[in-house]
Structure formats: structure tokens, C-alpha cells
*Asks:* 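Starting off with a structure, shown below.
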Amino acid sequence: MQRILNLAIVLVCLSCSTAPTVPVFQVRVSSLVDPDRTPGRSYVLLPSAEGIDLEDLQFREFARYVAGALERQGFTRAPDFSKADVAVFLAYGIGDPQLQTYTYTVPVYGQTGGGTSTLNLSTYGAGGYSTTSGTITTLPRYGPVGSQSVTQSNVTYFRYLFLDAIDLRAFRESQKVLSVWRTNVTSNGSSGDLRLVLPILVAASEQYIAVNTGKQVEVDLREGDPRVQKVRGHNTP
């Protein structure tokens with residue numbers, strides 16, 4: 001009986017561990033705004049890293065996500081650099097994989113009492129001694145019978161998206177580079193696929209773009225969230 005119980009527990013645990021789950025992406029957003037500068041809301045979107053061309057395929061894909069978020073927040077794309085109020089510099093990336101190992105203790109369950117036992121009863125009669133066998137059954141009892149240590153490892157990645165808006169009117173007048181707002185978006189998780197994660201970072205930060213959050217804001221999103229699908233350009237009800 002104990003073996004059957006232990007097997008049942010193992011099967012239940014295996015079914016739980018292999019059941020499909022929808023991962024939750026935990027995103028952190030921190031946005032700053034200069035309250036003394038209101039340069040306007042027409043923009044050009046540029047890569048912040050050296051060596052990335054405006055025609056780079058990955059930049060174009062990510063810029064499309066960011067441009068959609070900017071325009072839903074009331075910004076308009078300028079026809080060229082000379083007519084834009086702000087230049088929004090876009091930075092994105094993913095860190096090296098980080099291995100994390102942890103150990104925890106789990107109970108081991110089994111039968112702690114009850115069950116079936118055999119009783120031999122000796123009696124004396126006219127024919128002498130005789131032995132009668134019988135069984136006694138009591139309800140089995142189950143509970144922890146010990147514990148074992150389990151060690152697991154997982155790999156996590158640091159993912160980020162940075163937007164930095166520069167006042168172009170001030171730059172044209174005085175050649176000064178003045179930041180008017182900045183939005184930093186970061187996340188740690190098991191996915192190292194930046195193309196998967198970046199739309200989620202944009203969706204989590206969209207409502208905070210050019211808004212002073214006053215602190216770091218935490219946003220939890222799933223890949224199928226309508227906000228993420230909107231960023232990707234999918235129409236959802």
C-alpha cells in the first residue's frame with residue numbers, strides 16, 4: 001500500500017510539473033520628466049547605440065513597437081529631423097545568462113499506521129489444542145515519514161528598454177543636449193529571446209512614457225495580454 005501511495009504522489013507531481021503554464025513577465029518601469037521643459041510632442045526616433053543604422057532590421061522592428069506606443073500617447077512622427085520637437089533615442093538589449101541554483105526540502109509521504117494484520121488464536125478443546133488464524137483490518141493512516149532535499153537550477157536574463165527624449169529646439173538654438181523625459185524599462189526572466197520580450201516591455205511602459213512615475217512601478221503581463229497584442233499590431237477585442 002505504501003508503494004502505491006508513493007507512486008500516486010509521484011504521478012501527481014509529474015502531471016503538475018508538465019502541465020502547460022502561461023509565464024508572467026514581471027516588468028519594472030521608472031520614468032522621469034523635466035517639469036520645466038515642454039518642447040512639444042513631434043518626434044524622430046533614433047538608435048542610441050553606435051553602429052546601428054536606421055535601416056537595421058531589428059531596429060526597425062523594435063522602433064515600430066515604440067512608435068505605436070508614442071503615438072497612442074499623443075506624440076506625432078515628424079517628417080524630418082529639422083521639424084521635430086524631440087529626438088527619442090531608443091536603446092534595448094539583453095544581458096548574459098545568469099545561472100541560479102537553490103536547494104529546498106520536501107516531505108516524503110507514506111503509511112504511518114493501520115492496515116491488515118494476521119492474528120493466530122490457540123484454543124483447547126476435547127481434541128486438544130487447535131489454532132485458528134484470522135485477519136484484523138484497520139483504516140490505514142498516511143502522513144510524512146521523512147524528508148528529502150531537492151536541488152534545482154535555472155537560467156535568467158536581464159532584459160531592458162531605455163527611451164531618452166532630447167529637446168531639439170534647445171539643441172538647434174544653443175547646441176545643448178537637454179533631456180526632457182526618460183523612461184527605463186527592465187525585467188529579469190527565463191526567456192533570452194529579445195524579440196519575444198521587447199513588445200512586453202513596451203506594453204508595460206506605454207502608459208508611463210513621458211510621465212513622471214515618482215518611483216519604480218511594477219507591471220505583470222502575459223504574452224497574450226491585449227496590451228501586448230496591441231503593441232505587436234494585432235487587433236484584439
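This chain uses plain numbering: 1 for the first residue, then up along the sequence. Computed from heavy atoms alone, side chains included, the values below leave out hydrogens, waters and symmetry copies.
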*Asks:* Nearest 0.5 Å please: distance from the CG atom of Asp164 over to the CG atom of Leu32.
*Replies:* 10.0 Å

*Asks:* Enter the distance from Glu173:CD to Asp167:CG here, rounded to the nearest 0.5 Å.
*Replies:* 8.0 Å

*Asks:* Got Phe25 and Val219 here, is their nearest side-chain heavy-atom distance under 4.5 Å?
*Replies:*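 Not touching, per the 4.5 Å side-chain cut-off.
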
*Asks:* Under the ring-ring contact (aromatic ring centres under 6.0 Å, His included) rule, what pairs show up with a residue in residues 48-77, not counting sequence neighbours?
*Replies:* Phe62-Tyr92, Phe75-Trp181

*Asks:* Between Glu206 and Arg227, is there a side-chain N and carboxylate O pair less than 4.0 Å apart?
*Replies:* no

*Asks:* Within the supplied structure, the quantity of interest is the number of heavy atoms (other residues, nucleotides, ligands) at a distance under 6.0 Å from Arg169 CZ; does it exceed 12?
*Replies:*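 Enclosed: over 12 neighbouring heavy atoms sit under 6.0 Å from CZ of Arg169.
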
*Asks:* So which pairs with a foot in residues 197-233 pass ring-ring contact (aromatic ring centres under 6.0 Å, His included), sequence neighbours left out?
*Replies:*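 Found none.
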
*Asks:* Is the closest side-chain heavy-atom distance between Asn188 and Gln26 below 4.5 Å?
*Replies:* no

*Asks:* Apply side-chain contact (heavy atoms from CB on, under 4.5 Å) to residues Arg159 and Thr186 and explain how you reach the verdict.
*Replies:* CA-CA 6 Å; Arg159 298 80 61 105; Thr186 59; over 6 Å; no

*Asks:* Out of curiosity, Leu221 CG to Glu223 CD, how far, rounded to the nearest 0.5 Å?
*Replies:* 11.0 Å

*Asks:* Hydrophobic side-chain clustering at under 4.5 Å (ILVMFWY, transitive links): who's grouped with Phe158? Put none if nobody.
*Replies:*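 Members other than Phe158 - counting any ILVMFWY side chain reachable under 4.5 Å - are Tyr160, Phe162.
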
*Asks:* Going from CG on Leu163 to CG on Leu70, what distance comes out if it is rounded to the nearest 0.5 angstrom?
*Replies:* 6.5 Å

*Asks:* What's the spacing between Ile209 CD1 and Arg72 CZ if we round to 0.5 Å?
*Replies:*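 Reported to 0.5 Å precision, the distance equals 8.5 Å.
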
*Asks:* Determine whether the side chains of Arg28 and Asn184 contain a donor N or O and an acceptor N or O closer than 3.5 Å.
*Replies:* no

*Asks:* Look at the side chain of Thr213 and the backbone N and O of Ser31, then say whether any donor-acceptor pair between them is shorter than 3.5 Å.
*Replies:*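 Yes, Thr213 side chain to Ser31 backbone: donor-acceptor pair under 3.5 Å.
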
*Asks:* I'd like to know if the side chain of Ser42 pairs up with that of Thr76 as donor and acceptor (distance under 3.5 Å, no hydrogens or angles considered).
*Replies:*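 No, Thr76 and Ser42 have no side-chain donor paired with an acceptor closer than 3.5 Å.
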
*Asks:* Do the side chains of Lys83 and Asp80 get close enough for a salt bridge, i.e. N-O under 4.0 angstrom?
*Replies:* yes

*Asks:* Working note: Thr151 + Thr103, criterion side chain to side chain donor-acceptor pair (under 3.5 Å); need CA distance, chi angles, decisive distance, verdict.
*Replies:* CA-CA 4 Å; Thr151 300; Thr103 302; 3.1 Å; yes

*Asks:* I want to check something: taking the side chain as every heavy atom from C-beta on, are Leu161 and Val202 in contact at a cut-off of under 4.5 Å?
*Replies:* yes

*Asks:* Taking C-beta and beyond as the side chain, do Pro47 and Leu54 meet within less than 4.5 Å on heavy atoms?
*Replies:* yes

*Asks:* In the structure I gave you, are the side-chain heavy atoms of Tyr43 and Asp85 within less than 4.5 Å of one another anywhere?
*Replies:* no

*Asks:* Are the side chains of Leu45 and Leu90 in contact, using a 4.5 Å heavy-atom criterion?
*Replies:*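 Leu90 reaches Leu45 side chain to side chain.
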
*Asks:* Do the non-hydrogen side-chain atoms of Arg64 and Val66 ever get within less than 4.5 Å of each other?
*Replies:* no

*Asks:* Do Phe171 and Leu178 come close enough that some side-chain heavy atom pair is under 4.5 Å?
*Replies:* no

*Asks:* Just how far is it from atom NZ of Lys215 to atom OG of Ser30, taken to the nearest 0.5 Å?
*Replies:*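 Reported to 0.5 Å precision, the distance equals 11.0 Å.
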
*Asks:* With a 6.0 Å cut-off (strictly less than), is the heavy-atom count around CD of Gln216, excluding the residue itself, greater than 12?
*Replies:* yes

*Asks:* Using a strict cut-off of less than 4.0 Å between a Lys/Arg side-chain nitrogen and an Asp/Glu carboxylate oxygen, indicate whether Arg195 and Asp193 qualify as a salt bridge.
*Replies:*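 No, no charged N to carboxylate O under 4.0 Å.
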
